[in-house]
Amino acid sequence: MAPLSSLGPDAWITVTVVVGLVGALMADLGRPDLVLLSGLAALLVTGVVPPAEAFAGFSNPAVLTVGALYVVAGGVQQTSALSRLDRVLFPDTTRLGPVLARFMVPTSVLSGLLNNTPIVAMLTPRLQEWADAQDIPASKLMIPLSYAAITGGMMTLVGTSTNLIVAGLMEAEGYDPLSLFDVTWVGVPAALVVIAYFVLGGHRLLPDRGTSAPAAERRLGQNMFEVTVTAPSPIVGQTVAEAGLRDLGDAYLTHVRRGTEVLQGRPGRPLEQGDVLAFNGSLAARERLLERPGLSRTLPHPDGTHDDPARYETLPLYEAVIAESSNLVGTTLGEANFREQYQGVVLGIQRQDEPVTSPVGTTELQAGDLLIVEAPGDFEERWSSGSREEFYLVAPRDGRARQGGAPEHDNEETDRSGRAPIALGLTGTMVLAAATGLAPIVTAAFLAALLMILAGCIRPAEAQRALNVQVLVVIAAALGIGKAIETTGLATAAAQGVLSVAEPFGPVTVLVALYLLTNLLTEIITNNAAAVLMLPVAMAAASSLGAPPVAFGVLVAVAASASFLTPIGYQTNLMVMAPGGYRFSDYARVGWPVTLLVMGTSVGIISLVWL
C-alpha cells in the first residue's frame, strides 16, 4: 500500500494541479481545453513531466482518430444521408411510447457508428420539425434523444471521444488498448435498458412544456415593432449609422423592409422614403423613435400579417445553440460584434426554459443559450457545416430558411444528396475494416475521412470546420496529465485508498466504488476530464486485484459517459437543453433512475464477462 505520507514532492504537485483543475472546471473559470492546458503547463514547468511525455498526447492515435471521425460525420451530414431515415425515425402515431422507441433505437445505433455528438446535432432539428407538425412538446423528446445517443456511444469504441481517450491512455501506459467492440458487451444492454425505461413509463417523468417552439421565439412579438420612413424625413438618403439608428441602447434595428424586399439593417444601408424599419426593443424606444420627424407608425396589412412580424416578412429565422468552445461565451452580442461577424441579428435569447428578459445586446452569453437569429438564407450552411466550435446546432425555424442557400453556389455545388450512398458506404467500410482487424481504427478513420473529401462528400474547408479543436486539445492535454498521475505514484495511492474501503466487500464493490467516483466527476467536470483523472486509478486497482485491465478500462469509459443527472456533464445534454426547454433540475428528476439502471447493468456485465 502506498499511503499519502509516502508520496514524493512530484506527487503532491500533481495533487495540487488536479485539485485546481477540478475546482476550475466546476466553477467554469475557463474553457476545458484552456484549463487542462494550464494544468499541463504547470506540470511541465515544475518538472513533474518532461516535455516528451507532456506533448506525446498530441501524436496519440486517439487524437488522430477523433479528428478523422469528425470529418467522416461531417461528410454524412453534408450529403444529407440521414434524411433517408425519416420514415424509420418518425412514425405516424403520436403515442409517446412507440414514438420514443422508433427514434431512440436508430439514434443509439447511429451513435455507435458515427460519434454521438454530431448525431444529436443532425437529428435535433429534424425531431423538432416533426414534433411541431405532430403538436408534441419537444420537452417530451429531447432528453430521450440525448440519453439514447449517450448510451449508443457506449456501443463501440468510435461512439464517443471518451472511449477513444480511455483507449489512448491505456496504450500510453503500456496496456493493450480497447478493441472496437470491447465496450459493446456493456453498451448494447445499457442502451436497451434505457430505451425500455422510457418506453415503458419513464417518459412520465419528462416535463410537459407545451409547444415545441422555443419560448424565446414565442415572445418575439412582444419585443418587435416597426416604424415607417415618411416624407419629408431628414434621414432619407442617410445610412443607418448616419441616421443614429444603429444602437439605441434599449432597441436595435434588425432589418429594413422595402416593398417586397427584406434587407439587413447594416450600418451602411442607405434609407429611402417608404422604408419600414423593424426594431427589437422596448416600447419606450418605439415612442422615442416616433417623436423624430419623418418616422410614423406602421399600419397593419389588410391580410393581418403585420400582427406577427416575428413569423412573417422578416429574413429567415434560425435557432442556434452556443457551444462551450464558442467565442460568444462570456461576452455580449455587442462585444462580439455579432451582426458583422456572424451576418445575422439576434432577436431573442433563451436560457434553459425561459427567454432572457434583459436587453439582448447587453446580456452576457453562456454555453447552451439558444439564440433566435434573423439572417440570410445561407446562415445554416455557414454555421452548421460540421463545425461545433461556435454552435452545437443551427436549425431553421421556417421553410424559407431551407430555400435560401448561398447565392454564389449553384445547385450542383450545394446539393450533394446524390453522394449520400458514398458517404454511408465509406462509413460502413471504416467500421468493417476496424471490426475485422483489417486495419487499426486510426488508419480506417483516416482513410475514410480522406476519401470523404476526395469523393466530394465534404469540401476541404468544411472538413477543417468539422474538426472540434477543443475536444482534440482536451484529449492531448489529458494524456499528459494522466501520465503524471500514473508516474508520480498518485494513481497507486488513490487506488489503494479505494481498495482499503471496498475490497473487503468483494471485487464487485470495488467496481461500484470506481464507477460512482468516475460518474460523480463526470457530472461536475465533464466526461473527458473524468476519464483522464480516473483511468490511472482504475488501472492501479486492476493491477492490485490481479484483474484484467480491459474490465476496468470499460468501466471507466462507461461511467465517464453515463452523464444523466446534469446538463453540463455531457455535450449532448447541453445541446438539447434549450431546444427542449429544460431546467437544470429536469435532468436530475429524469436521470437518477437511468443512472442506477446503467450502473447496475455495467457492473453486473463486467463482473460476469471479465472477473
Side-chain angles (χ1 to χ4, degrees), residues 60-89 105-123 149 152-165 167-168 171 177-185 187-188 191 385-386 388 415-468 471-472 475 557:
N60 189 281
V63 177
L64 302 176
T65 304
V66 172
L69 289 172
Y70 275 121
V71 176
V72 172
V76 172
Q77 180 180 17
Q78 291 303 320
T79 57
S80 302
L82 295 185
S83 64
R84 300 170 182 234
L85 296 175
D86 280 1
R87 291 183 181 179
V88 176
L89 291 170
V105 171
T107 297
S108 293
V109 174
L110 290 170
S111 296
L113 299 176
L114 281 175
N115 190 295
N116 54 9
T117 304
I119 290 297
V120 172
M122 285 186 272
L123 292 184
M154 301 174 186
M155 291 169 61
T156 70
L157 187 65
V158 299
T160 172
S161 60
T162 309
N163 296 346
L164 291 162
I165 287 176
E171 187 173 12
L178 299 178
S179 68
L180 183 64
F181 294 118
D182 277 339
V183 291
T184 307
W185 288 96
V188 170
S385 300
R388 302 284 168 253
D415 183 7
R416 280 166 276 173
S417 59
R419 297 185 177 94
I422 298 175
L424 294 176
L426 289 173
T427 302
T429 303
M430 174 192 73
V431 174
L432 186 63
T436 59
L438 185 63
I441 182 59
V442 62
T443 303
F446 176 77
L447 290 176
L450 180 62
L451 291 173
M452 283 281 187
I453 297 172
L454 295 178
C457 298
I458 184 171
R459 302 189 194 106
E462 293 168 344
Q464 184 177 3
R465 290 196 297 271
L467 296 173
N468 192 324
V471 171
L472 301 182
I475 297 172

Chemist: Nearest 0.5 Å please: distance from the CD atom of Gln78 over to the CZ atom of Arg419.
Modeler: 11.5 Å

Chemist: Please set out all donor-acceptor pairs under 3.5 angstrom arising from side-chain atoms of residues 61-68, sequence neighbours excluded.
Modeler:
unit_1 : atom_1 : unit_2 : atom_2 : d
Thr65  : OG1    : Pro61  : O      : 2.7

Chemist: Could you pull out every donor-acceptor pair under 3.5 Å between side chains of residues 426-436 and any protein atom, sequence neighbours left out?
Modeler:
unit_1 : atom_1 : unit_2 : atom_2 : d
Thr427 : OG1    : Ala423 : O      : 2.9
Thr429 : OG1    : Gly425 : O      : 2.7
Thr436 : OG1    : Leu432 : O      : 2.9
Thr436 : OG1    : Ala433 : O      : 3.4

Chemist: Report the residues that fulfil side-chain contact (heavy atoms from CB on, under 4.5 Å) with Gln464, sequence neighbours left out, ordered by chain and then residue number.
Modeler: none

Chemist: Could you pull out every donor-acceptor pair under 3.5 Å between side chains of residues 437-449 and any protein atom, sequence neighbours left out?
Modeler:
none

Chemist: Looking at Leu114, Val158, Leu450, Ile458, which hits side-chain contact (heavy atoms from CB on, under 4.5 Å) with Val72?
Modeler: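 Among Leu114, Val158, Leu450, Ile458, the one meeting side-chain contact (heavy atoms from CB on, under 4.5 Å) with Val72 is Leu114.
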
Chemist: Please report the shortest heavy-atom distance between Leu467 and Tyr70, naming the atom on each side.
Modeler: CA-CB, 4.3 Å

Chemist: Taking side-chain contact (heavy atoms from CB on, under 4.5 Å) as the test, write out the residues that go with Ala191, two or more places apart.
Modeler: Ser108, Thr151, Met155

Chemist: Quick check: closest heavy atoms across Glu171 and Pro177, and the distance to 0.1 Å?
Modeler: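 Scanning both residues completely, I find the closest heavy atoms to be CB-CB, 4.2 Å.
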
Chemist: Looking at Gly112, is its backbone amide N or carbonyl O close enough to the side chain of Thr156 to form a donor-acceptor pair, meaning the two atoms are under 3.5 Å apart?
Modeler: yes

Chemist: My understanding is that only residues two or more places apart in sequence, or in another chain, count here; which of them pass side chain to side chain donor-acceptor pair (under 3.5 Å) with Asn116?
Modeler: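 Scan of Asn116 (side chain to side chain donor-acceptor pair (under 3.5 Å), adjacent residues dropped) gives Tyr570.
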
Chemist: I need the single residue from Val109, Leu110, Val76 that forms a side-chain contact (heavy atoms from CB on, under 4.5 Å) with Ile119. Which is it?
Modeler: Leu110

Chemist: Taking all heavy atoms of Ala557 and all of Val183, pick out the closest pair and write down the distance.
Modeler: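 Minimum heavy-atom contact is CB-CG1, 4.5 Å.
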
Chemist: Listed by chain and number, what are the side chain to side chain donor-acceptor pair (under 3.5 Å) partners of Ser179, not counting sequence neighbours?
Modeler: Asp182

Chemist: Give me the atom names and distance for the closest heavy-atom approach of Ile422 to Ala455.
Modeler: CG2-CB, 3.9 Å

Chemist: For residues Leu178 and Leu157, report the shortest heavy-atom separation together with the two atoms involved.
Modeler: O-CD2, 3.5 Å

